[in-house]
Amino acid sequence: ALPISTMAYILKRMDFDFMLIQRVHYGVKKYLAKNKNLEFKWRQNWDHSSSTDMFCQMMPFYSYDIPHTCGPDPKICCQFDFRRLPGGGMSCPWRVPPVAITPQNVAERASVLLDQYRKKAQLYRTNSLLIPLGDDFRYDVRLGAQRQFTNYEALFEYINSHPEMNAKIQFGTLSDYFKSLKENPGLSIDSFPKLSGDFYTYADREDHYWSGYYTSRPFYKNFDRVLISNLRAAEIVLSFATSESRKRNAASFPAATLYDVITSARRNLGIFQHHDGVTGTAKPPVVTDYGNKSRSEER
């Protein structure tokens with residue numbers, strides 16, 4: 001979800017109780033992590049009660065990919081991204097590749113992984129820990145999914161069968177994680193700190209602020225608004241025209257054909273709302289393709 005309080009408000013009004021965010025200024029993350037405040041009740045500035053409170057977890061590290069979610073050391077975490085096993089078409093930029101989990105190495109590998117989990121757990125208040133396991137364009141081919149599941153299953157079985165490691169690990173969803181928080185003994189959800197405000201502008205490191213997309217490629221931003229306006233006008237006109245044609249029994253009125261045209265425009269406009277589309281942050285050939293699709297609908 002976006003790191004703006006409006007999104008928290010909308011999700012709350014849609015009956016969501018929990019949310020997860022990632023792209024927040026690294027300085028803010030560092031401050032919240034130091035005080036174990038990466039999980040909080042996100043409240044609207046104007047709310048003097050708790051009616052808008054949305055429980056939110058903030059991911060603590062640089063990215064949402066596997067090298068930056070298992071713990072603080074991406075060089076180690078990347079070794080547990082089994083999509084990057086040799087022959088998979090991907091590698092670790094830290095030049096230490098993953099190795100498949102075997103009965104011979106599972107003890108050592110489990111210990112290394114659990115050490116990263118424990119270090120990450122120090123940033124949170126509970127004994128439940130969320131470890132996202134994915135990235136862009138993942139689980140789209142069977143090989144990648146099988147490698148991740150098979151190797152992690154071996155690690156989990158080893159850790160769970162050794163009580164001396166003091167950990168229980170399982171595959172799960174966001175709902176499973178937040179359910180475990182609610183069931184955490186001795187800690188109430190209401191005891192988490194309250195926070196109000198937004199987290200813009202985002203920077204992931206040093207002075208790398210993500211703000212240029214507010215104004216980049218202004219032609220396409222303006223054209224997006226024009227297309228939205230024209231599309232909405234066409235929807236209204238078609239609605240009235242279809243109603244009138246039915247009253248007059250005008251069987252020749254091409255309502256279905258016109259509706260298909262509007263549906264196509266909706267789809268292409270929806271595609272352009274992608275966070276690399278209307279923002280203008282896509283590569284030039286992609287932006288050109290977005291523009292061609294949009295212009296074809298405008299005509």
Side-chain angles (χ1 to χ4, degrees), residues 1-16 18-23 54 63-65 83 89-90 132 134-145 173-175 198-202 210-299:
L2 294 171
I4 53 175
S5 60
T6 302
M7 183 59 65
Y9 179 76
I10 291 173
L11 291 175
K12 183 69 174 181
R13 289 295 176 255
M14 293 171 66
D15 284 336
F16 284 89
F18 303 94
M19 66 185 296
L20 175 71
I21 60 176
Q22 153 62 22
R23 285 179 168 154
M54 166 65 81
S63 180
Y64 49 77
D65 60 1
R83 177 69 173 81
M90 300 179 66
D135 198 355
D136 296 347
F137 310 111
R138 291 302 182 90
Y139 307 113
D140 54 344
V141 295
R142 179 172 296 182
L143 176 63
T173 64
L174 272 178
S175 294
D198 293 330
F199 292 109
Y200 276 170
T201 300
Y202 171 51
W210 292 36
S211 55
Y213 62 86
Y214 291 122
T215 55
S216 59
R217 292 181 168 131
F219 169 82
Y220 290 99
K221 286 178 168 58
N222 178 70
F223 189 71
D224 176 67
R225 291 296 187 181
V226 171
L227 184 56
I228 289 173
S229 176
N230 291 347
L231 175 59
R232 185 58 185 145
E235 290 172 339
I236 293 171
V237 170
L238 178 60
S239 177
F240 282 122
T242 301
S243 176
E244 189 65 22
S245 69
R246 288 172 180 170
K247 291 178 183 178
R248 301 186 181 190
N249 293 318
S252 62
F253 182 72
T257 300
L258 293 173
Y259 186 79
D260 288 342
V261 172
I262 284 182
T263 298
S264 175
R266 286 173 179 162
R267 288 173 177 167
N268 285 321
L269 181 64
I271 290 172
F272 190 58
Q273 304 315 303
H274 184 270
H275 62 225
D276 285 320
V278 66
T279 57
T281 55
K283 294 180 180 180
V286 179
V287 173
T288 300
D289 185 56
Y290 279 133
N292 290 339
K293 283 184 168 62
S294 298
R295 280 193 290 272
S296 68
E297 303 303 341
E298 177 69 4
R299 290 195 292 269

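Model, not experiment: these values are computed from the prediction.
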Listed partners of [X] passing side-chain hydrogen bond (donor to acceptor under 3.5 Å, both in side chains), at least two apart:
X	answer
D198	S5
S229	none
D136	Y64

Exceeds 12 heavy-atom contacts within 6.0 angstrom, atom [atom1] of [X]:
X	atom1	answer
F240	CZ	no
R142	CZ	no
Y139	OH	yes

Original post:
For residues 261-297, which residue pairs qualify under ring pair (Phe, Tyr, Trp, His ring centres under 6.0 Å), counting only residues two or more places apart or in two chains?
Top reply: F272-Y290
**OP:** Under the ring pair (Phe, Tyr, Trp, His ring centres under 6.0 Å) rule, collect the residues that match up with Y9, sequence neighbours excluded.
**Re:** W46
**OP:** With sequence neighbours excluded, tell me which residues meet ring pair (Phe, Tyr, Trp, His ring centres under 6.0 Å) with Y202.
**Re:** W210
**OP:** Determine yes or no for a side-chain-to-main-chain donor-acceptor pair under 3.5 angstrom, with T242 supplying the side chain and L238 the backbone.
**Re:** yes
If you measure from [atom1] on [X] to [atom2] on [Y], what distance do you get to the nearest 0.5 Å?
X	Y	atom1	atom2	value
R13	D15	CZ	CG	9.5 Å
L227	Y220	CG	OH	13.5 Å
Q273	D224	CD	CG	4.5 Å
S175	F18	OG	CZ	9.0 Å

Looking at every heavy atom in both [X] and [Y], which two are closest together, and how far apart are they?
X	Y	answer
M19	L11	CE-CD1, 3.9 Å
A282	R217	O-NH1, 2.7 Å
F219	R295	CE2-NH1, 3.9 Å

Can you sort out the partners of [X] under side-chain contact (heavy atoms from CB on, under 4.5 Å), two or more places apart, ordered by chain and number?
X	answer
P254	T257, L258
S63	D65, H68
R83	D81, M90, R138, V141, Q148

Side chains of residues 261-270: which donor-acceptor partners sit under 3.5 Å, not counting sequence neighbours?
| residue | atom | partner | partner atom | Å |
| --- | --- | --- | --- | --- |
| T263 | OG1 | Y259 | O | 2.9 |
| S264 | OG | E297 | OE2 | 2.8 |
| R266 | NE | E235 | OE2 | 2.7 |
| R266 | NH1 | Y259 | OH | 3.4 |
| R266 | NH2 | E235 | OE2 | 3.2 |
| N268 | ND2 | S264 | O | 3.4 |
| N268 | ND2 | E297 | OE2 | 2.5 |

**OP:** Only counting residues at least two apart or in another chain, list the ones meeting salt bridge (Lys or Arg N to Asp or Glu O under 4.0 Å) with K293.
**Re:** D289
Original post:
Residues two or more places apart in sequence or in another chain: which of them pass salt bridge (Lys or Arg N to Asp or Glu O under 4.0 Å) with R248?
Top reply: E244
Subject >> Residue pair R225 / N222, side-chain donor-acceptor N/O under 3.5 Å >> reply: no
